[in-house]
**Q** 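Provided herewith is a single structure, encoded as C-alpha cells, for subsequent inquiry.
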Amino acid sequence: MSRVGTGSSSAGQPGPRHDPVRLPLPPAPCRGTTAATLLLNATFEPLCVVSSRRAIVLVLAEKAVSVDSSPDVVRAESVTVPVPVVARLTRYVRVPYPTQVPLSRRAVFTRDGQTCVYCGGSATSIDHVVPRSRGGTHTWDNVVAACRRCNHTKADRSLAEMGWKLPQPPRTPSGAAWRLLGHRTVDPRWREWLGVPDSVSA
Ligand SMILES: [Zn+2]
C-alpha cells in the first residue's frame, strides 16, 4: 500500500549501489520508527533490513515504494508517510552476496526451528556434533541447536558413543532470506517475502 511516489525517479543515471540518499531526515517521529523495514530489490528479492526511518527517506526520495506499511505514520514537511514494514527499491541494485551465510547462534537456532535437534526441546545452546576437543569444526555442517541438558549430557562424546542420531545432517543455509535471519529479529509481516515457515521465529 503506497500513498507516496510510485513513479521511478532519476532515470538514466548509473544504478544506485546503496548510495546514501542526501535528503534531510524527516522530523523525529513520536513513535513507530524505531522499527525495522525489510527492503526488497526491484525484483522483490529480499535485500537487507534497514531502519524504518531510513526506509521513509528512501520512499520520500522515490527510491523505494512501500509494499506493506504499519498503521503508524510520519509527517515530513507537507506529506504524511505510513511507516513501511516492507519497501521495495524502484531500481534494481546488483549486490554481490557472500557465498557463505554467516554462522551465528541466532542463525543456527533459526535453521533448526529453535528446537534441540536431539530431544525436540527448546534450544538454548549450540552443540558441536563432532566435539571441538576432537577436531570438530565450528562450521555449519558441525553445529546444531541443542538444549542445555542434551549439550551437557553429550559433552565431549560423539553421537555414536551416545547412540544418538540427528534427524538430518546439518547444512549450510543459503539465500538472501537466510542472510537476514542470521542477525535480525524477523517481523512476522516479512515472512511472505522471506519465504520462511511460520514456525520460524527469531
Ligand atoms: Zn535436548
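The structure presented is a predicted model; accordingly, all values stated were derived computationally and were not measured. FYI, side chains are in, hydrogens and waters are out, and symmetry mates aren't considered; it's all heavy atoms of this structure. Remember, it's 1-based here, ligands and their atoms both numbered in the order they're listed.
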**Q** What protein N/O/S atoms lie closer than 2.8 Å to the Zn ion (ligand 1)?
**A**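 You should have found C116 SG, C119 SG, C147 SG, C150 SG.
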**Q** According to a hydrophobic-cluster definition based on side-chain heavy atoms being under 4.5 Å apart (Ile, Leu, Val, Met, Phe, Trp, Tyr only), do V144 and V108 belong together?
**A**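 Per the 4.5 Å side-chain linkage, V144 and V108 are not co-clustered.
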**Q** I'd like to know if the side chain of D127 pairs up with that of Y118 as donor and acceptor (distance under 3.5 Å, no hydrogens or angles considered).
**A**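 Yes, Y118 and D127 have a side-chain donor paired with an acceptor closer than 3.5 Å.
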**Q** Less than 4.0 Å between a side-chain N and a carboxylate O, is that true for D156 and R134?
**A**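 Result for this pair is no, no salt bridge flagged.
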**Q** Take H138 and L103, measure what side-chain contact (heavy atoms from CB on, under 4.5 Å) needs, and give me the verdict at the end.
**A** CA-CA 9 Å; H138 187 64; L103 176 57; 3.6 Å; yes
**Q** Does the side-chain contact (heavy atoms from CB on, under 4.5 Å) test come out yes or no for R149 and T124, once each step is laid out?
**A** CA-CA 9 Å; R149 198 169 65 123; T124 54; over 6 Å; no
**Q** What's the shortest heavy-atom distance between T37 and A87, and which atoms?
**A**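 Residues T37 and A87, closest heavy atoms: CG2-N, 3.8 Å.
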